[in-house]
Number of protein chains: 2
Amino acid sequence: MTPVATVQRRPPSAAYLALADEVERDVAQLPAGTLVPSEHELAGRHGVSRLTARAVLQELERRWVVRRVQGRGTFVARRIEYRIGPDIPASWTETVRRAGAEPRSTTERVATVRAPGWVRRELALPARATVVHLVRRRTVDGEPATWAESWLPADLVPGLAERLPAEGSLHHVLHDVYGLEPVRAWYRAELDVAPDDVAVRLGLRARPLALVLQGRLDSRRLGRPVELTRSWARADLFRIVFEMGSAT
Amino acid sequence: MTPVATVQRRPPSAAYLALADEVERDVAQLPAGTLVPSEHELAGRHGVSRLTARAVLQELERRWVVRRVQGRGTFVARRIEYRIGPDIPASWTETVRRAGAEPRSTTERVATVRAPGWVRRELALPARATVVHLVRRRTVDGEPATWAESWLPADLVPGLAERLPAEGSLHHVLHDVYGLEPVRAWYRAELDVAPDDVAVRLGLRARPLALVLQGRLDSRRLGRPVELTRSWARADLFRIVFEMGSAT
DNA sequence: GAGTGGTCTAGACCACTAC
DNA sequence: TAGTGGTCTAGACCACTCC
C-alpha cells in the first residue's frame, strides 16, 4: 500500500538521535556488510563523547539498520525476507542464498524416541509409538539464526537420519523420498524475547527478539500428521511476512 | 508446546545483566502497573553507578518486562494478547478491556473522498468512485497503541460518520447496521521499526517496533470488497498471535 | 599490537510529572 | 519542589578479532 497523507518531521531533540538519523540516511544506499564508522571515529568526527557515538550506533542497531560485532566492527544490515502462508514455504536455504547470504544448516540431533504425551496426541499416534526427534540449527553468514525442533512418526520416515542430507530441505525429503505430500494442518506465529535457554542454544549472550513459529504438517496422501515443529527465528535477521490470500 | 530438553544456564558476565535477571525474577509475579525501583534506588541499594542501574532497567524495557515513563517512573508491563486469523478477530476494545486495561478509540477522520488509484483497484471500484477514508487512533491506558487507516466504498456505507460510535467496533457496524457480513479476503502481517511519520502519528518520540497489519474484507452477501485496511500496532504493548487452523 | 565493541565510574544538567 | 527518567562528558579497563 501507499501512504496517503504526509506528516511534518520534527527534528530530534537529542544529539545522538539527530546523528543516528544522519548516519541512517548515509548508510541507506550502501550494500549489506559494509563497514560503518566505529564509535571512536564517529566521536572524533562529530566532536561528541564516545558514549554518545556509542548511543548512535546502538540506536541504529535497535532499528535493525546495522549489526555490531565485538572486536570486528559495525556493519550495514539487511533483513532477509521470508514469507509464511498456508502453503509450504519456499526452501529456507534457497531463500537465504537468493538474498545474497550464505546459509548453513546443521542437524544437532536425529534420534528415534518414545513420543512424549503431548507429541503423541498432536500427531495422533497410538500409545508407545516412537517418533524421530530432529533438532536443527541454521546460520546466516556464520551468524546463528534459527533453532528448530521437529517430531515425526518413526514409521513414516524409516532411515531418515541417513537420508537427510546436511544441506537439504526436510520438506523435499518428505515429499520426494517418502512421497508424503505434506500440507499445512495448522500454524502459528508469535513474536517474543527469546528465553534464556533458547539464547544459549543459539549461541548468543543477549536475548534476541525472535519469532516463534509452530505448526503441523499432514500428509495429503495418507491423511495423517507427518511433522510437528517449533522453531525460533531471530527477528533482526529475518523479515518474516505472514500472509493469507493475496492482494489484487 | 512444552520444552523437551533443558540447557544449563550460564551466569551473565556483566553486572547489569546479572542484576537485570534478578529484578526480572522479582518482578515476574507483580501485577502490571506496579512501580519498580528507580534508577537512583537500584544504584544505591546495589552499590553500582546510576548508569549501570539505568542499563539494568533499559535491558528490562528491551525485554518488554517493564515500561518507563520520564518523570513518572518504571512500571511492570504486560503485553495484551491479540489473536489474528482467517476469521474476523474479536473486538479490539473488548480484548483490551478483558486484559484489565482501559481501551480508547478516537476517530481522527471520516471523510468521503475520490478513491486513489490503488484503493480503487483493490476495492474493485469503477473510475471516479468515492470511498470513505477512516483514520483511527487507539490508546491503552492512555498510551498510544495503534494507528489505522481504512477505505470503504462510499455507496456501501451511507451515513457511516454518524453511525460509527466513537467506542464501537467498525466490524459490528458493518455487520449489524449495513448487513454486509464481512469476511477476510486476504491479510498480511509483518514486523518493522515504525517509520518516522508513523511514530509522529502515534505521538511518540522513539521509533517503536510495530506490527504492520494489512488486509481486505469482502461482503459474503454481496460478493464484493468492503474494507481495505492498514494499521500499525506497537509490539511492546501487544502480543499478536498470528494463526491458521488450530492445534489438537 | 592495534582496533573494535562491552562494561563501568563519578559527576553534571535537563525535561518531565507529580504534589 | 522533589523525584523520575533522558542526555552527555572524560576517563578507565576489559574482551574480542585480526594481522
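These numbers were taken from a predicted model, which means no experiment stands behind them. Residue numbers start from 1 in every chain, and the chains themselves are labelled A, B, ... in the order their sequence lines are given, proteins ahead of strands.
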- Message: Using C1' atoms of five pairs at each end, report the bend of the helix from dG1(C)-dC18(D) to dA18(C)-dT1(D) rounded to 10 degrees.
- Response: 10°
- To the nearest angstrom, how far is Glu61(A) atom CD from dG6(C) atom P? 7 Å
- Item | Closest to the Tyr16(B) side chain, choosing from dT7(C), dG5(D), dT17(C) | dT7(C)
- Parallel, tilted or perpendicular, as decided by the 30° and 60° cut-offs, for the rings of Trp151(B) and His133(B): parallel
- Arg50(A) or Gly47(A), whichever maps to the more 5' nucleotide of DNA chain D: Gly47(A)
- Could you tell me the separation between the CG atom of Leu57(B) and the P atom of dT4(D), rounded to a whole number of Å? 11 Å
- In whole angstrom, what separates Leu19(A)'s CG from dT9(D)'s P? 10 Å
- Message: Which heavy atom of Pro144(B) sits nearest to which heavy atom of Arg234(B), and what is that distance?
- Response: O-NH1, 2.8 Å
- Query: Taking the six-membered ring of Trp147(B), is NZ or CZ of Arg201(B) closer than 6.0 Å to its centre and within 45° of its axis?
  - Reply: yes
- Query: Between atom CZ in Arg72(A) and atom C1' in dA15(D), what is the gap in whole Å?
  - Reply: 15 Å
- Query: Please give, in whole Å, the distance from dT4(C) P to Glu39(A) CD?
  - Reply: 9 Å
- Thr52(B) side chain, from C-beta outward: closest of dG5(D), dG5(C), dT9(C): dT9(C)
- With the side chain defined as heavy atoms from C-beta on, Ala14(B) is closest, among dC8(C), dT7(D), dA15(D), to dC8(C)
- Measure from the side chain of Gln70(A), starting at C-beta and using heavy atoms only, and say which of dG5(D), dA15(D), dT7(D) lies closest. dA15(D)
- About how many Å separate CG of Asp236(A) and CD of Glu61(A), when rounded to the nearest 0.5 Å? 8.0 Å
- Task: Could you please name the option among dA18(C), dC16(C), dG5(C) that lies closest to any side-chain atom of Arg54(A)?
- Result: dG5(C)
- Tell me which nucleotide among dA15(C), dA15(D), dG6(D) gets nearest to the side chain of Arg68(B). dG6(D)
- Whole-Å distance separating the CG atom of Leu42(B) from the C1' atom of dG3(D): 15 Å
- Message: Any base atoms under 4.0 Å from Ala15(B), or only sugar-phosphate, or nothing? Heavy atoms, all strands.
- Response: sugar-phosphate
- Query: Is any side-chain N of the basic residue among Asp196(A) and Arg205(A) closer than 4.0 Å to the acidic one's carboxylate O?
  - Reply: no
- Query: Which of the following nucleotides, dT7(D), dT7(C), dG5(C), is nearest to the side chain of Thr74(A)?
  - Reply: dG5(C)
- Query: Tyr16(B): what forms a ring-ring contact (aromatic ring centres under 6.0 Å, His included) with it, not counting sequence neighbours?
  - Reply: none
- Message: Closest-nucleotide mapping onto DNA chain D: is Val36(B) or Ser49(A) further toward the 5' terminus? I mean the 5' end.
- Response: Val36(B)
- Can you tell me how far P of dG6(C) sits from NE2 of His40(A), to the nearest Å? 16 Å
- Rounded to whole angstroms, how far apart are CG on Leu51(A) and C1' on dG5(C)? 12 Å
- Message: One pair to check against side-chain hydrogen bond (donor to acceptor under 3.5 Å, both in side chains): Ser105(B) and Arg136(B). What are the steps and the verdict?
- Response: CA-CA 7 Å; Ser105(B) 282; Arg136(B) 287 181 300 168; 5.6 Å; no
- Query: So do the side chains of Ile240(A) and Ile84(A) get within less than 4.5 Å of each other, counting heavy atoms only?
  - Reply: yes
